[in-house]
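To find a chain, count down the sequence lines: A is the first, B the second, and so on, and within it residues start at 1.
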Amino acid sequence: MESHRQEGILFGVVWIILSALGEWAARIVIRHNPLYYTASNIGLMVEHAFDFIVVVLIPVFAFVALGIVWAMIRFHVKKGQRVELPTQWARTNRWFVGIWVVGTALINILFVLHPTTTATEHFFAIENPSTPQNRHALVVDVTARQWEWIFSYPQYGLTQTVNRNGQDLLELPVNHVVKLELRSYDPFHTYDQYADVIHSFWVPSWGIKEDVIPGETRTLYITPTRITSYAQNPMSRVQCAEVCGPGHPWMEAPLQVVSTAAFHRWIAQQQALQAHP
Amino acid sequence: MAQVVSAPAPAPQARRAQWPPVLRGFLWAAIGFVVLNTIVDIVDPFRGHPFVTGPSATLGWVGAVVGWLLGVGVWEGVALPLFGYPSRWIEPSTGWRRYFAYSTDHKVIGLQYLGSAMGGFLIAGLIAMFMRIELMSDHLTIFHYPTNYLTAVGIHGTIMMFSVANVALLGGFGNYMVPIMIGARGTAFPKLSGISAWLVPAGILSVLFSPLLGAWTTGWRGYQPLASQDPNGILFYYLGVAALTTSTFIVALNMVTTIMFRRAPGMTWGRLPLFAWGQVTVGLLVLIWIPEIQATFVMGLLEKLVPFNFFTATGSVLSYLELFWIFGHPEVYIIAVPVFALWNEIIPVMSQKSLFAREWAVIGLVFVMLLSGLVWAHHLFTNMRNSEILPFAFFTEMISIPTGFAYMAAIGTMWKGRVRLTTPMLLVLMSMFNFLIGGLTGVFLADPVVNLQLHDTFWVVGHFHYTVIGSIVFTGLAAVYYWLPKMSGRMYSEFWGKFLAITLFIFFNATFSQFFLLGLHGMNRWVPAYPAYLQPMNFEVSIISFFLGLAFAGQFVHIIWAWVKGPKAADNPWDARTPEWFTASPPPRENFPVQPEIVSSLYIYGAQQPVAVQLPAEEELAAARDESLEPEGGSPHE
Amino acid sequence: MDNDSKETPEEVSASASPEWSRRQFLGGTVALGVVGAVALLGRSTVVDAARGIFGSPVRSGRVPLYAYDYYYVPNYMTWRVGDRMDIIFQNQSHTHWHEWTMGRHVNEQYFQAFGELSADAWRVDFWDGVPVTLSDPYKIDNFVPHDALVTYEGPRSLYNIQSGGDFSPTLKPGGSLHIAFTVPNKPGIWDFGCFVQEYVHYRTGMRGKVHILPA
């Protein structure tokens, strides 16, 4: 019994040291943003939730991994050593089992409460259509068809915004709430409304992905928090994330987030383009 | 134990040498396909395609599978006797030929399943290598068209899931080991089981050759409505998977029934080996969920063939994905539960220590099974209404608690034990480590807001390769090494076993750990072309993955070498206590010379523990006497 | 009981049934494996080789051309200059519209790229200056005559004539169109393909070749 306790204490000390080292390494990772690049309010929320889970999981990982390695180092039978068995092995240990069961339950309840419930509720609050800032959001209709993203700005009368090469472009002002109306259908071929499939609207740097289902309209409120563009960081792109047929890899569109003034200049230019194609 | 059809000894010279059953199976399959295909063409001609159309290929496939099964021996073994015709089918009880024909011996069937799983693994693994070659560059290279790449992804996933992960530990080790481990001398449904083993190659080949009917782009889910837009190749996906899942269903039926009704005297539920417990729980999962997914696939097939608009006009676009994942998540535990059971099967033996907290280990298996049906929608956080997210996030996080019990039992068992770091033990520990990473990265995915970013990225790909390869492949290899002396009577090389295991572990982790970073950096799934900034890391991952492929190949070479040429093994090389080690290696036709009895717990080790498995001595003597009266190698042992 | 059955591959039980041949089994399986691998990976090579050896019959008169998702049947034709052609172009897809364009030199670079690049169509349009008669329009999505000399039978509104791009009849699912013409004096190999939906149909193999023999 005494040797068990000593072994347990030694294990505990090593576990605490490893966990501390792990947390120190995690600090560095978290400072450099494990999500690489975050450019929206939802992205920041995802980043915080991610960081929190990392911090809690490091001691868990250290405990189990150390348990495995410990057995390999401390308890293994050396070559040629005679295996002598005691008459009776301990078949359970109330403390170990109790701490394990209660501990894993507590960690899981913690995760359910935070970040799962708190962040999801925060997300719901962001997505609540009746808040004042959401009611004054910039509306962009995002239409997914095989294999193209089409962006239109009904408040400005723009039906399809494009860049110099004639490719679809999503351009938005920074720090302003945007309401994205996501639909999956083909505006140019409306004879079969069931012809299209599920797509998924994803901007990697925004930390959000929402599937676009034929026959449904999904709404996404989001605030870009950084001026960014595909050229500046390729994570700033609209990318289809759900396989949707052979064109799936190329179903992407560049994203530009600009200052409010630049956005209005761009709107004027697009309006001129639409009037005189 | 008259579970096998009895056949009178024929006059050998009267028969001409027959075709090898497998070749006859292929011939009859081809005939079956052509006949039914032609009939459909006559009834339902279709413009554009002169011969093979969707409906004709579907019914032709049914003919092919029936022809294949009859050809490999079901004709003589089952069909003729069933209709009262005399059959001179004789099942060889030794020799390699019995593995290449219909058989009713659960050990032969088990090895047929293992062989099919290994074949499927090699095929799907080779396809994965092609995928990694493609991903070395950001544009299409070796795959001409994106559809070809997407088809490769689908074939890789389908074969790996339905014919490797579902087959190796259930059909393979389940069929081979479970009856012996519970002291039974046969299984409950030997003929059905013999037929079902041959559905696996049929299913693998259907999926593998599906591109002959056209590329399909849906990945392993075969999801509608996209599947309806694909050419007819998707039909062979649905049909091949139907064959594979039917096989898994029959395995579960056979295992659950065998464990319920054919346990040896004294083999109480409280003494039941953990691996058998794993088979029961998984068997129940299979019996519940496989019919569900088969019904879904039938709907998918009809949607494509008719079409019915089940998933568009008359139904909802999301129904297919809901129906798929309501099976799809239990599927993960269909894979993982026997793995947890095997950890706690091998670890007490290798530690020579009583299994720690056995009741918690069993509770863990049972609760994983129960909760697994409540978590499916976490695959759909991006699809579903926001208001539906939280309950699924809750159950998803909760399922890690019973999963953790397997770790608790394993770590508790090793604590202060006499841990022998043999190859199987090493692979089990590696498997625990890999699955730990798979589980912990799953915590991020279970969290809804984090999931909205990570869903459909390479993070998910990394996560499920850690859980699936980390569990089933590492532990499956551990099981092969652990039971190799039992199945073949031969021993592997401890040096090569360990060397290859460590190599595999290093390259596996070096490959798939980077998938998490790729996912975080914006690499999405199902793309043969991607933005250039992701190319350097993909290139490097590909290079490492080729070494991973070599490491797997090395394992198989070593295992085959040991099976054929390895040194003779002792009867019970690990000093194990479970019944399979108390018979000859390899076990005789009916596993034990006489019905064994279980007299004490199988997992309690100690200096003065009695041997748990007793073979009544006088009956054994009597059996030996009877046998000596039989002519040498005479009639089969029914 | 063969308790001592340490089997070796050569050892067979003294069972009375005749053994099937090992050589036949191995040979047969390997042969099937080779056939399977060729069928799966080498179909186009085999077809090309067969075409090289046996040639391809010259088609003229009424020729059906089916569009599926995403391929044509046939995807290789041989025509002769001066022959009268009646192409019945038929879209067999349930869900997708398909077009038929023919020309030479397409910017393949674009199909490989990711990000911002502008696409272009055929650099040379086969139909430039070719007299074509269109008839029996059914479920026409749109039709671009480009520089062809088109005669329309029936009301023009059924053709939904538009401008921009190459000569391209585009059919709705289930649609069909009769395209009649005399093969112009443009011998050589011509490519045809379907460029709809951001060129993805073409990118994923909806293409074919016409070999035009001199008169």
Side-chain angles (χ1 to χ4, degrees), chain A residues 4 7 34-36 45-46 49-50 53 57 61 64-65 67-68 71-72 75-77 83 85-89 91-92 96-97 100 104-105 108 111-112 115-117 119-120 123-124 127 194 197-198 200 204 207-211 213-215 234-235 239 241-246 248-250, chain B residues 146-147 217 219 225-226 229 312-313 317-318 352-354 356-357 360 382-383 386 389-390 393-394 397-398 400-401 404 407-408 411-412 414 416-421 429 432-433 436 440 443-444 447-450 452-453 455-456 520-522 524 526-531 533 605-608:
Chain A
H4 271 281
E7 193 76 33
L35 304 186
Y36 285 93
M45 191 180 74
V46 173
F50 190 96
I53 298 173
L57 284 187
F61 175 73
V64 181
I68 296 168
M72 294 169 71
F75 306 136
H76 86 273
V77 180
V83 175
L85 301 184
T87 42
Q88 189 85 50
W89 285 108
R91 281 158 61 195
T92 189
F96 181 69
V97 172
W100 184 291
T104 51
N108 277 290
F111 279 142
V112 169
T116 296
T117 308
T120 312
F123 175 59
F124 292 169
E127 297 304 315
Y194 301 112
V197 299
I198 301 174
S200 189
I208 186 78
K209 185 179 291 108
E210 183 72 40
D211 279 19
I213 319 281
M235 284 180 76
Q239 172 81 56
E242 176 64 276
V243 65
C244 54
H248 169 60
W250 297 290
Chain B
T147 33
T217 59
L226 181 60
Q229 298 189 358
T312 51
V317 177
L318 283 181
Q352 288 291 296
K353 184 161 171 262
S354 308
F356 181 83
W360 285 97
T382 60
N383 298 65
N386 288 342
I389 287 177
L390 276 176
F394 172 78
E397 282 164 5
M398 286 304 141
S400 66
I401 299 174
Y407 279 91
M408 178 178 74
I411 291 174
M414 290 187 292
K416 288 261 175 185
R418 307 286 183 265
V419 176
R420 292 171 294 175
L421 288 177
L429 294 175
M432 287 174 63
F433 180 86
L436 174 67
L440 295 183
V443 175
F444 294 90
D447 188 75
V449 294
V450 181
L452 294 184
Q453 167 69 346
H455 191 78
D456 283 342
L520 289 171
H521 210 169
N524 55 330
W526 305 295
V527 285
Y530 50 83
Y533 76 101
Y605 285 84
Q608 274 123 45

Which answer fits F111(A), side chain, backbone, both or neither, if we ask what part of it has an atom under 4.5 Å from a heavy atom of chain B? both
Max heavy-atom pair count under 4.5 Å with chain B, selected residue of H248(A), K209(A), Q88(A), M235(A): K209(A)
How long is the straight-line distance from CD1 of I68(A) back to CZ of F433(B), given to the nearest 0.5 Å? 7.5 Å
Mind ranking M432(B), M408(B), R420(B), Q352(B) by heavy-atom pairs under 4.5 Å with chain A and telling me who comes out on top? M408(B)
Heavy atoms only: give me the nearest G67(A)-M414(B) pair and the separation to one decimal. O-CE, 4.4 Å
Pairwise distance CD1(I208(A)) to NE2(H455(B)) - rounded to 0.5 angstrom: 12.0 Å
Show your working on side chain to side chain contact (heavy atoms under 4.5 Å, CB included) between F356(B) and F96(A) and close with a plain yes or no. CA-CA 11 Å; F356(B) 181 83; F96(A) 181 69; 3.4 Å; yes
CG on N524(B) to CD on Q239(A), rounded to 0.5 Å: 4.0 Å
Top contributor to chain B contacts, counting heavy-atom pairs under 4.5 Å, from L35(A), T87(A), T117(A), T104(A): T87(A)
If you count heavy-atom pairs under 4.5 Å between each of G219(B), G417(B), A393(B), S400(B) and chain A, which one has the most? G417(B)
Would you call the rings of F444(B) and F50(A) parallel, tilted or perpendicular if under 30° counts as parallel and over 60° as perpendicular? tilted
Between A49(A) and V449(B), the two heavy atoms sitting closest are CB-CG2, 4.0 Å
State the CD1-CG distance between I198(A) and N383(B), to the nearest 0.5 angstrom. 6.0 Å
Checking Q453(B) side chain against P204(A) main chain: does a donor-acceptor pair fall under 3.5 Å? yes
Cut-off 4.5 Å, heavy atoms of chain A, and the answer for L436(B) is side chain
Which atom pair, heavy atoms only, marks the closest approach of T217(B) to G245(A)? OG1-CA, 3.7 Å
For the student: nearest non-hydrogen atoms of W89(A) and K416(B), plus distance: CZ3-O, 3.4 Å
Selection from E127(A), E7(A), R91(A) maximising heavy-atom pairs under 4.5 Å formed with chain B: R91(A)
Evaluate side chain to side chain contact (heavy atoms under 4.5 Å, CB included) for V46(A) paired with L452(B), printing each intermediate quantity in order. CA-CA 8 Å; V46(A) 173; L452(B) 294 184; 5.8 Å; no
Please flag which part of L390(B) lies under 4.5 Å from any non-hydrogen atom of chain A: side chain, backbone, both or neither. side chain
If every non-hydrogen atom of T116(A) is compared with every non-hydrogen atom of P448(B), which pair is closest and at what distance? CG2-CD, 3.6 Å
Under a 4.5 Å cutoff for heavy-atom pairs, which residue among L318(B), L440(B), L520(B), I389(B) has the most contacts with chain A? L520(B)
Which answer fits F75(A), side chain, backbone, both or neither, if we ask what part of it has an atom under 4.5 Å from a heavy atom of chain B? both
Side chain, backbone, both or neither of Y533(B) within contact of chain A (heavy atoms, under 4.5 Å): side chain
Would you indicate whether the side-chain heavy atoms of P234(A) and H521(B) approach each other to under 4.5 Å? no
Counting heavy-atom pairs closer than 4.5 Å to chain B, which one of E210(A), M45(A), M72(A) comes out on top? M72(A)
Using non-hydrogen atoms only, which part of I411(B) is less than 4.5 Å away from chain A: side chain, backbone, both, or neither? side chain
Rounded to the nearest 0.5 angstrom, the CG-CD1 distance for N108(A) and I401(B) is 4.5 Å
Heavy-atom pair of closest approach, residues W250(A) and A529(B): NE1-CB, 3.7 Å
